[in-house]
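Below is one structure, written out as structure tokens, with a few remarks after it.
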Amino acid sequence: MPHSEPKTVAEAAALLRAGKLCAFPTETVYGLGGDATNADAVLAIYETKGRPRFNPLIIHCADLAMAETLAEFSPLARKAATLWPGSLSLVLPARPGNGLADVATAGLDTVAIRIPDHSVALELIAAVGRPLAAPSANPSGRLSPTTAYQVRLGFAGRVPVIDGGPCRAGVESTIVRVDGDRLVQLRAGAVSREEIEAAIGVPVDVAEKNAAITAPGMLTSHYAPNALMRLNAVPVAGEAYLGFGEGPAFAGPSRNLSPSGDLREAARNLFSMLHELDAVGAAMIAVAPVPNEGLGEAINDRLERAAAPRE
């Protein structure tokens with residue numbers, strides 16, 4: 001159904017307050033926003049994305065005061081929250097009677113929360129006056145969008161989007177569960193474990209590979225282009241190639257995440273370059289090795305899920 005794009009935060013907020021969906025920018029990727037207290041709006045997010053109902057959503061808040069109405073903050077959680085606004089989502093015990101739609105948390109007794117580090121996102125949530133459920137603004141399992149154009153392309157123009165320019169980080173938030181006196185990383189993301197540990201002085205463990213789905217981004221097959229993918233590969237004729245650092249000369253369609261081997265640049269370029277290579281129509285994308293350290297952990301997580309066998 002055709003719609004007019006919101007040109008201002010006030011127009012986007014009016015859509016969301018009315019129970020409609022609106023995509024908006026964050027520093028990580030564009031989110032498909034809906035009022036997290038409105039069950040119909042949250043169901044519309046699942047339906048629009050084609051997202052499995054057992055996959056919970058991250059709830060975006062304007063400030064710590066809003067977050068505290070939704071979840072119980074232990075002293076350790078409060079220490080981790082000093083990284084907000086930022087690309088860190090915390091999985092915390094849900095506060096009873098927090099007003100969130102049950103479907104937003106997939107029936108779990110925990111809730112994933114973050115305060116995004118993007119002026120448009122913060123203004124929008126404050127203008128709505130309610131927390132926003134906002135998974136990445138793409139059909140479920142497909143590449144996450146880092147521009148408003150990619151949102152329009154992914155949903156064939158069916159979802160209104162407020163344009164805040166390209167996203168700075170380019171990969172989703174890191175998800176950490178506060179488990180008593182432990183921090184457990186459930187999903188690698190735009191802030192590395194080393195950065196979290198250095199900032200708050202607490203070690204961050206890593207969840208086991210086959211852990212139960214207790215947070216977004218834990219499905220085995222996820223973030224996938226239309227093309228199939230080969231990881232840690234040297235390209236052959238007929239393929240497209242996603243390089244990193246210095247690599248083999250290749251005559252076919254190719255992009256380089258970071259010719260200088262900069263992992264932050266690579267993270268920023270990951271989804272947009274996969275979008276571009278997917279558009280050339282190759283059946284297979286060969287991907288160069290990426291070091292599994294720092295932000296490389298998040299990049300490799302996304303690549304492994306993108307290359308996983310599909311249902």
Worksheet item: After noting the C-alpha distance and the side-chain angles of Leu64 and Phe73, does the key distance pass the side chain to side chain contact (heavy atoms under 4.5 Å, CB included) rule?
Response: CA-CA 10 Å; Leu64 187 58; Phe73 279 77; 4.0 Å; yes

Fill in: Derivation of the side chain to side chain contact (heavy atoms under 4.5 Å, CB included) call for Thr174 and Val204
CA-CA 11 Å; Thr174 304; Val204 180; over 6 Å; no

Item to complete: Start with the C-alpha distance between Glu68 and Arg78, add both sets of side-chain angles, then the distance that settles side chain to side chain contact (heavy atoms under 4.5 Å, CB included), and finish with yes or no.
Response: CA-CA 10 Å; Glu68 286 176 325; Arg78 211 165 283 286; 2.5 Å; yes

Worksheet item: Going through the distances and angles, do Met229 and Leu274 end up as a side chain to side chain contact (heavy atoms under 4.5 Å, CB included)?
Response: CA-CA 10 Å; Met229 293 172 61; Leu274 281 172; 4.2 Å; yes

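We find the CD1-CD distance between Ile162 and Glu5 to be 9.5 Å, quoted to the nearest 0.5 Å. Note that the CZ atom of Phe24 and the CG atom of Leu32 stand 9.0 Å from one another [nearest 0.5 Å]. Here the CD1 atom belonging to Ile299 is positioned 10.5 Å from the CD atom belonging to Glu293, to the nearest 0.5 angstrom. We find the NE2-CZ distance between His275 and Arg142 to be 11.0 Å, quoted to the nearest 0.5 Å.
No side-chain heavy atom of Lys49 sits less than 4.5 Å from a side-chain heavy atom of Leu57. Two residues are said to be in side-chain contact when any heavy atoms from C-beta on lie closer than 4.5 Å; Ser258 and Asn269 fail this criterion. Residues Pro116 and Ile125 form a side-chain contact, since some pair of their non-hydrogen atoms from C-beta on lies under 4.5 Å apart. With a 4.5 Å cut-off on side-chain heavy atoms, Tyr241 and Pro248 count as touching.
Hydrophobic clustering places Leu231 together with Leu270 (ILVMFWY residues linked when any side-chain heavy atoms are closer than 4.5 Å, directly or through intermediates). No chain of hydrophobic side-chain contacts below 4.5 Å, direct or via other Ile, Leu, Val, Met, Phe, Trp or Tyr residues, connects Tyr30 to Val9.
A donor-acceptor contact shorter than 3.5 Å is absent between the side chain of Asn226 and the backbone of Asp278. Proximity of a side-chain donor or acceptor of Arg193 to a complementary backbone N or O of Asp205 within less than 3.5 Å is not detected. Side-chain atoms of Arg255 never come within 3.5 Å of backbone atoms of Gly243 as a donor-acceptor pair (strictly under, hydrogens ignored). A donor-acceptor pair under 3.5 Å is formed between the side chain of Arg158 and the backbone N or O of Phe155.
Glu27 and Ser87 form a side-chain donor-acceptor contact under 3.5 Å, judged by distance and modelled atom types alone. A donor and an acceptor atom, one from each side chain of Ser136 and Asn138, are located under 3.5 Å apart.
Between Glu172 and Arg187 no salt bridge is recorded (no basic side-chain N to carboxylate O distance below 4.0 Å).
Counted within 6.0 Å of CZ on Arg95, heavy atoms from surrounding residues, nucleotides or ligands total more than 12; the atom is thus considered enclosed.
When each of Thr26, Ile58, Leu88 is checked for a side-chain contact (heavy atoms from CB on, under 4.5 Å) with Ser173, only Ile58 meets the rule.
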